[in-house]
Amino acid sequence: MEAMQDLNRRRTLLHAAYDSSTVRAMERPLLDRGVPLMRMAAGAAAHVAAQMLDDENIDIEDAAIVLLVGGGDNGGDGLYAAAALADEGAQVTAIAVGTSVHEAGFAAFVRAGGRTLVLDPAADIPGIVAGFSAGEAAERVRTAIDIAEQADLIIDAMTGIGLRGPLRGLPGTMAALLGVKPDENGHVPLPDRPALPNRENDGHLPLVLAIDTPSGIGVNDGTLPGPVIPADVTVMFGAMKPCAMLPPATFACGRLVLVDFSFDLSDQVPVAVAVDDALAEQAIRLPRVTDSKYSRGVVGLVTGSTRYPGAAVLSCEAAARANTGMIRYLGPERAQNMVLAAIPEAVIGKGHVQSWTIGCGAPDAHNAEPDDIQRATAAALLEHYALSADADNTQALAMPPIVVDAGALDMLPKHVPAHVVITPHAGELAELANRLADDGQAQRSSRASHAGARRSEPIAAQNVMDEPLHYARFAADSTGATVLLKGAVTMVVSPACKYGQSETNDAGSPIDVSSPTRAVAHTNANVDTSAGTQPVLVCGSAPAWLATAGAGDVLAGLIGGLLAGNAVGDNGWKAEDIARIAASGAYVHGMAAAIASESEQHGWQEPDLFGQAQPQRFTAIGHPIIASDVARAIGDALADIIA
Ligand SMILES: NC(=O)C1=CN([C@@H]2O[C@H](COP(=O)(O)OP(=O)(O)OC[C@H]3O[C@@H](n4cnc5c(N)ncnc54)[C@H](OP(=O)(O)O)[C@@H]3O)[C@@H](O)[C@H]2O)[C@@H](O)CC1
Ligand SMILES: Nc1ncnc2c1ncn2[C@@H]1O[C@H](COP(=O)(O)OP(=O)(O)O)[C@@H](O)[C@H]1O
């Protein structure tokens with residue numbers, strides 16, 4: 001019993017993220033009991049730093065370390081850690097970027113023989129004479145950059161969960177000079193490096209260790225609102241924060257090491273959850289002794305087109321392999337023939353189905369002939385899902401779940417129930433967002449003020465990649481659909497998930513997502529969206545080899561398959577179940593890609609738990625794949641998950 005509880009707690013710790021105020025609430029009882037959390041944090045950070053140097057064959061006695069230290073407790077953690085490293089013989093220089101430092105931490109650092117460089121002329125730090133000229137201040141910044149660039153290791157302890165908005169002042173200057181900074185459109189480009197297993201360092205020096213969070217990162221919304229120094233390793237304290245999971249911030253965290261402070265997680269509500277085997281397993285319906293092909297679930301697909309018949313093949317093969325009893329395909333003759341040649345098991349034509357997948361490889365409005373058959377079929381089908389404030393919507397709510405991809409996205413009705421799953425990539429979500437904005441359904445950007453973007457400018461794919469939670473959130477709120485936004489880390493936001501709606505924006509301005517769905521909210525009642533505490537689901541199981549044409553078609557078919565299997569015998573959908581099954585589809589898809597490419601690299605890597613025996617590190621980078629390989633590996637991925 002106790003062992004099971006421990007296992008469950010460990011799973012939660014490694015796969016759930018909590019916003020900063022929840023983390024502070026979890027710390028409070030321990031601090032009140034006098035548990036020395038800062039010393040524990042610093043000890044772990046020093047240990048991780050020494051390990052990073054050791055991994056690069058740098059002896060601690062020969063190591064040059066630079067600590068970037070801010071005035072808060074994050075800086076305190078850094079100072080105690082730096083003191084421990086100086087005690088071990090490393091040469092450590094603390095570069096103070098604020099006007100103050102954590103006094104006890106600083107005293108320990110000085111006692112250990114650490115050196116200090118103060119950048120702010122207004123600094124008030126015991127034993128340090130400041131008040132230097134503006135010219136000298138500029139010279140000190142140049143010196144600081146030189147020292148940092150020549151160091152073996154930079155420890156970034158400027159800000160942690162106390163960050164407010166983008167980094168400004170000297171911390172902002174240091175991050176911009178040593179790391180990356182926003183371009184004129186507000187986009188912060190991350191370094192262009194190969195994606196290696198375990199988010200390994202690719203040999204560049206200095207190494208960067210972030211304390212709790214990389215300074216300047218959007219702790220709660222996962223954005224990069226300003227300059228930031230991308231870390232090789234982030235040592236995170238107590239619990240994961242959303243930035244550890246949400247793109248793009250998660251890519252700036254590097255490898256995660258989590259220090260368990262034994263927080264009581266039992267009553268806390270995570271805001272983001274990473275899909276793992278155990279969660280995905282729930283979406284895989286095991287066959288029953290008495291099953292027939294119909295009871296195992298039938299998927300209908302309106303996919304592919306005369307121009308892109310391959311999308312029909314990929315989506316059909318994925319649906320057929322995703323634990324279903326049968327697939328029915330509807331499409332033009334050329335695509336039918338190709339589907340049958342690849343999957344003789346496919347049934348052509350209409351019939352009863354438990355789920356739909358539509359739109360993959362179908363032309364959008366810009367590219368379609370006026371009488372395009374796939375668009376006409378998809379449009380007719382989607383009409384049945386349209387919700388109206390003036391009707392009882394019984395028909396829409398009784399429809400089977402549907403996956404709406406690619407070319408069908410521009411036919412999505414204004415308001416739909418949550419068992420409509422849309423699966424855009426960033427470019428497609430940008431198009432949808434523009435359409436919703438033109439309809440007055442939502443505002444264009446939460447970061448317009450500091451990104452320099454004008455509201456009237458169209459939303460681009462890059463805007464979506466910079467603020468994926470914001471845009472996925474706003475599509476879910478505006479339409480009522482469950483939104484699966486594809487990427488290296490795929491995110492699923494359902495209308496039942498409220499995270500990201502208001503104060504969680506780190507950019508300083510509230511995320512403004514108007515919610516016209518409120519007008520039809522009551523009509524969505526049979527699809528239960530009441531569980532407002534649903535987390536954002538994230539999935540990073542795929543290696544980057546998966547970024548290949550047709551991979552999205554495979555995903556749409558696969559999710560259709562999982563929905564069909566789960567629909568059997570069900571009397572109504574819960575929005576949270578739809579989100580879970582969609583996210584599980586992304587997880588299976590990623591695992592299938594990992595199997596097909598024999599790669600150990602994943603978009604998101606579960607953190608190492610500090611102090612516990614680490615799993616053996618694999619370093620297989622794998623090999624390129626095509627989307628058909630992924631479809632073929634679905635069965636093996638399902639087997640691995642249920643094993
Ligand atoms: N609580 C605990 O028990 C434990 C907490 N722990 C640690 O405490 C950390 C939280 O510490 P915290 O609350 O002191 O905040 P912190 O992240 O250091 O930030 C404050 C500093 O940042 C600065 N600053 C802020 N915004 C800025 C901006 N935009 N641009 C520039 N500067 C900005 C701000 O400057 P100011 O605004 O005051 O001028 C101030 O100097 C947490 O992440 C973890 O590491 C561990 O020890 C475990 C136990
Ligand atoms: N860098 C990456 N790492 C892992 N998976 C990725 C990466 N980039 C894209 N993907 C995945 O690859 C798939 C691509 O889908 P999509 O862009 O729709 O392709 P297509 O339209 O050609 O089928 C998605 O499932 C997405 O999550």
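Since we're looking at a predicted model, the values are computed, not measured. Whatever order the structure lists them in is the order used to number ligands and atoms, beginning at 1.
- Residue M40 does not touch ligand 1, judged by heavy-atom distances below 4.0 Å.
- Of the candidates L170, D120, T173, I161, I161 brings a heavy atom nearest to atom 10 (C) of ligand 1.
- Heavy atoms of R28 stay at 4.0 angstrom or farther from ligand 1.
- Neither the backbone nor the side chain of A593 has any atom closer than 4.0 Å to an atom of ligand 2 (non-hydrogen atoms only).
- Within the structure, the closest approach of G540 to ligand 2 does not fall below 4.0 Å when heavy atoms are considered.
- R199 and T250 are linked by a side-chain donor-acceptor pair at a separation below 3.5 angstrom, with hydrogens and angles left out of the test.
- In terms of protein heavy-atom proximity, atom 6 (N) of ligand 1 is nearest to D77 OD2, 3.7 Å.
- In this structure, the side chain of T357 engages the main chain of A556 through a donor-acceptor pair within 3.5 Å.
- Neither the backbone nor the side chain of S100 comes within 4.0 Å of ligand 1, counting heavy atoms alone.
- D156 and S215 share a donor-acceptor pair across their side chains, judged by distance under 3.5 Å alone.
- The backbone and the side chain of T159 each have at least one atom closer than 4.0 Å to an atom of ligand 1 (non-hydrogen atoms only).
- Between the side chains of E467 and N463, not a single donor N or O lies within less than 3.5 Å of an accepting N or O.
- For atom 9 (C) of ligand 2, the nearest non-hydrogen atom from the set A547, A542, G310, G427 belongs to A547.
- The T490 neighbourhood of ligand 2 comprises atoms 27 (O), with distances under 4.0 Å to a heavy atom of that residue.
- Here the rule is side-chain contact (heavy atoms from CB on, under 4.5 Å) with L485, and of L429, I422, T423 only L429 fits it.
- Other residues, nucleotides and ligands contribute over 12 non-hydrogen atoms within 6.0 Å of the CZ atom of F251.
- Looking at T159 and N74, their side chains never bring a donor and an acceptor atom within 3.5 Å of each other.
- Under the 4.0 angstrom criterion, atom 36 (P) of ligand 1 counts as lacking any protein heavy-atom contact.
- Every atom of ligand 1 is numbered from 1 in the order shown, and the set under 4.0 Å from a heavy atom of M38 is 47 (O).
- Scanning all protein heavy atoms for the shortest distance to atom 40 (C) of ligand 1 gives G72 N, 3.9 Å.
- Of all protein heavy atoms, the one closest to atom 3 (O) of ligand 1 is L31 CD1, 2.9 Å.
- Ligand 1 has at least one atom lying under 4.0 Å from a heavy atom of G165.
- The nearest protein atom to atom 49 (C) of ligand 1, hydrogens excluded, is given as L37 CB, 3.5 Å; this is a heavy-atom distance.
- Of all the atoms in ligand 2, the ones that sit under 4.0 Å from a non-hydrogen atom of A549 are 22 (O).
- Crowding of N367 atom CG: a count of heavy atoms from other residues, nucleotides or ligands under 6.0 Å exceeding 12.
- Ring planes of H102 and Y80: perpendicular class, angle over 60° (limits at 30 and 60°).
- Numbered from 1 in the order shown, with element, the atoms of ligand 2 that lie under 4.0 Å from a heavy atom of H589 read 25 (O).
- Closest to atom 8 (O) of ligand 1 by heavy atom, among V23, L163, D73, V69, is D73.
- If you check which protein heavy atom lies closest to atom 17 (O) of ligand 1, you get G160 N, 2.5 Å.
- Annotation: atom 29 (N) of ligand 1 to nearest protein heavy atom, R164 O, 2.6 Å.
- Checking V630, L484, L314, L546 against atom 11 (C) of ligand 2, the nearest heavy atom belongs to L546.
- With M236, M158, R168 as candidates, the residue nearest to atom 31 (C) of ligand 1 on a non-hydrogen basis is R168.
- Remark: minimum distance from atom 25 (C) of ligand 1 to any protein heavy atom is reached at G162 O, 3.6 Å.
- Taking atom 2 (C) of ligand 1 as the reference point, the nearest protein heavy-atom neighbour is E27 OE1, 3.1 Å.
- No heavy atom of G603 sits closer than 4.0 Å to any atom of ligand 2.
- Which parts of ligand 1 touch G71 is read off a 4.0 Å heavy-atom cut-off, strictly below it: atoms 41 (O).
- With ligand atoms numbered from 1 in the order given, ligand 2 contributes 20 (P), 22 (O), 23 (O) to contacts under 4.0 Å with heavy atoms of G550.
- Annotation: L555 places no N or O atom under 3.5 Å from an N or O atom of ligand 2; distance criterion only.
- Distances shorter than 4.0 angstrom do not occur between any heavy atom of G169 and any atom of ligand 1.
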